[in-house]
**Student:** 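Handing you a structure now.
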Amino acid sequence: MKTTAIAVLAAVMVALISACGETQPNDPASRVEALLGQMTLEEKIGQLNQYSNTFDITGPPPEDQVGRVRLERIRNGLVGSMLNLAGVEETRRAQEQAVEHSRLGIPMIFGLDVVHGYRTMFPIPLGEAASWDLEAIERSARIAATEAAAAGIHWTFAPVVDIAHDARWGRIMEGAGEDPFLASRVAEARVRGFQGRDLASIDTVAACAKHFAAYGFAEAGREYNTVEISENTLQNAVLPPFKAAVDAGVATIMNAFNEIGGIPATANSHLQREILKGEWGFKGFVVSDWDSIGELTVHGVAADLRGAAAMAIAAGSDMDMQGEAYISHLADLVRSGAVSEDLIDDAVRRILRVKFQLGLFDDPYRYCDATREQRVILSREHLDAARDVARRSIVLLKNDNDLLPLDATRGSIAVIGALAADKDTPLGSWRARALPGSAVSLHEGIRAAVGDDVEITYAEGAPLTVGERSFLHELTFNTGDTSGFAAAVAAAEAADTVVIALGEEAYQSGEARSQVDIGLRGVQQQLLEQVYAANPNTVVVLMNGRPLALDRMAANAPAILETWHLGSEAGHAIADVLFGNYNPSGRLPVSFPYHVGQEPLYYNAKGTGRPRSRGDVFWSHYTDAPNRALFPFGFGLSYTTFEYSAVELSADELAIGEELTVEVTVENTGERSGTEVVQLYVRDLVGSVTRPVKELKGFRLIELEPGSEQRVRFILTADDLAFFTARGRWEAEQGEFAVSIGPSSEELTEKRFVLTSGCEPSAQNVR
Ligand code: NOJ
């Protein structure tokens, strides 16, 4: 650290100790205040300024003007954070620029999108949510954090806690699906995993719940589109996972590109100041999304960047990602009296606090240990964990006549499809620093799993895409080349069984990957039909980042395995399930429609005033497709079977302060041991506002040996029944409830009870 910087910090500490005997100079709050007191207005605003790594910090000085200005600003203490740099060498060199050259030597905080792994890739988050296995999800985040921290990263822009109802939206792959209860539990697990018990530990990183808020509700599923939702939906469906993340101690929140009710999220005081920092008491900081402060001018709520800066800081956006708004205009806005310096101080305090918590002031290079980086990243232990989480994330959608599991000791298998040999697609989108093409392909996984007596042939059938495949560019799909069909059909005819991989390329879902059609792209459906005609013993292995409309496929293919984009060990994990070394236990965290026209489709919808036929056509339905999902939320098969007893309640009434026990017995009636995800749903029959037809309120994973059974007990209290009522508060309303338990949102047995205390649903429903 530069000598003057050390002298200033030392003077601050001495002043603190002598000024008041009882002050604890090591207490983070005091250290933050002491430092803040030393900072010029420009240095404070510098802490709110974040740049992406657009030049090679480890190389010669940048030649372009932007690069030169940025480097100068880092050296002048005018950059608080950088994103998109990684690796011990690169982060150390960048940190040196701030620590060694700037007056106060304040370390930068380095952020990266470590969404489902740093280099060892785990399943995409939607896939991982399909495991419903909170321990596995936490472990995955823990390993991602360990690898990222070993590569000099302090902060991940994850978890994505956006609820999404529309499969057309490509970023549905980044979240935990459509249900606020499941997504809240997953959010907590991910925050715990990333942040561990202590942010100061060397293997933890600060987490960032995003995108605040309602980003997943883009109209018509079109990326960055307008969001128009009611306060009711915002409070009951969108905010709960954010609240859960805050309660779990998430260090930061990222706001969103979208507007909501006419106010862009980045300029939204109601969200950021009233709810997040007010009602919820969030003490961390809010980072904007990429240039989302600048985009306030494009949205048309600010005339220029100066106005955008004033608006965003007032609304509670603490750090400006890549927007140049704060660094260019805030100082002048403060000096002219248009923005209070208190707002700046509050934002700086929040950011410095996280830096102190991470231990960056104790040693700004503590995350820069080349030996650790070498030892930790992509270790065998991490890969084994990735395989384990991956197989837990697989969902068996169909298995007629027990076609699966396959025999690994004899027979012949034709492996078909471009995705089956693809070593890149399983890494998924938002893959941090995964090595391109480093995943175990399905073909490799199958080969490794079978004995010498099994004959494996491979035929591509048809390429899925043509030309470049990248995060930054549009994909081009193969819509005409069927020249490989004949070989695929011949392979299918000659084999006992076919395993065909179909679905989506890695970058087909993710940011800016909205689609109006969610069927199989290109010539895949044609290929499937020809292969199936040649050999009906066809197992479809789906690889995709969003729910697909599989109506035509499901009508024929006897076995369908949903494998998402499963990460580094994808091929091994899928083979574990194909050959029965792992009995599939995943359950869908999103509804799979018959047809894209059903979107947005989600199980916890409202019933409407006309939910079913009264003998005529005048009810809420489509005339050409069912209302229900083809594969519903919570659904997934196993190689064994489970039977549920009737639901039993400890009482038929519940009052505030009391507990109601809800129990079932679940028996494994099949011939294999297996894991069942026992799900509990509640319906509030009459409310001050309309209530969903059912809502998940609990789930348990139980492992059962064949022939054994287990009593599964849930405890419900009035808190579980609370929602955002017509009075504008979270509270439970008295009246009748249906509680049901089963293996999916569609196969449930129900009991009724009455909540005898709480608000009256019929009371004043005017706010
Ligand atoms: C834009 C994305 O919306 C956000 O999720 C991500 O963290 C930033 N870019 C930084 O990569």
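Whatever order the structure lists them in is the order used to number ligands and atoms, beginning at 1. Sequence positions, counted from 1, serve as the residue numbers for this chain.
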**Student:** Under 4.0 Å from a heavy atom of M254: which atoms of ligand 1 are those, numbered in the order shown and with their elements?
**Tutor:** 4 (C), 7 (O)
**Student:** May I ask you to decide whether K210 forms a salt bridge with D113, counting only side-chain N to carboxylate O separations under 4.0 Å?
**Tutor:** yes
**Student:** Which class fits the ring pair F212 and F242: parallel under 30°, tilted 30 to 60°, perpendicular over 60°?
**Tutor:** perpendicular
**Student:** Can you name the ring-ring contact (aromatic ring centres under 6.0 Å, His included) partners of F194, sequence neighbours left out?
**Tutor:** none
**Student:** Pick, from D113, N84, D291, T156, the option with the minimum heavy-atom distance to atom 11 (O) of ligand 1.
**Tutor:** D113
**Student:** Under 4.0 Å between a Lys/Arg side-chain N and an Asp/Glu carboxylate O for R70 and D64?
**Tutor:** no
**Student:** Can you list the atoms of ligand 1 that are under 4.0 Å from a heavy atom of K210?
**Tutor:** 4 (C), 5 (O), 6 (C), 7 (O)
**Student:** Going by the order shown, which atoms of ligand 1 are within less than 4.0 Å of some heavy atom of F157?
**Tutor:** 7 (O)
**Student:** Return a yes/no value for R171: is any of its N or O atoms, backbone included, closer than 3.5 angstrom to an N or O of ligand 1?
**Tutor:** yes
**Student:** With D318 as reference, evaluate R349, K277, R353 under the salt bridge (charged side-chain N to carboxylate O under 4.0 Å, His left out) test and give the passing residue.
**Tutor:** K277
**Student:** Could you tell me whether E63 and R68 have a side-chain N and a carboxylate O separated by less than 4.0 Å?
**Tutor:** no
**Student:** Could you tell me if any non-hydrogen atom of H211 lies under 4.0 Å from any atom of ligand 1?
**Tutor:** yes
**Student:** Pull out every atom of ligand 1 sitting under 4.0 Å from any heavy atom of L83, numbered as shown with elements.
**Tutor:** 10 (C)
**Student:** If you count the atoms of ligand 1 from 1 in the order shown, which ones are under 4.0 Å from a heavy atom of F257?
**Tutor:** 1 (C), 3 (O)
**Student:** Please check whether D289 reaches ligand 1 - meaning an N/O of the residue sits under 3.5 Å from an N/O of the ligand, judged on distance alone.
**Tutor:** yes
**Student:** With a 4.0 Å cut-off on N to O distance, would you call R142 and D203 a salt bridge?
**Tutor:** yes
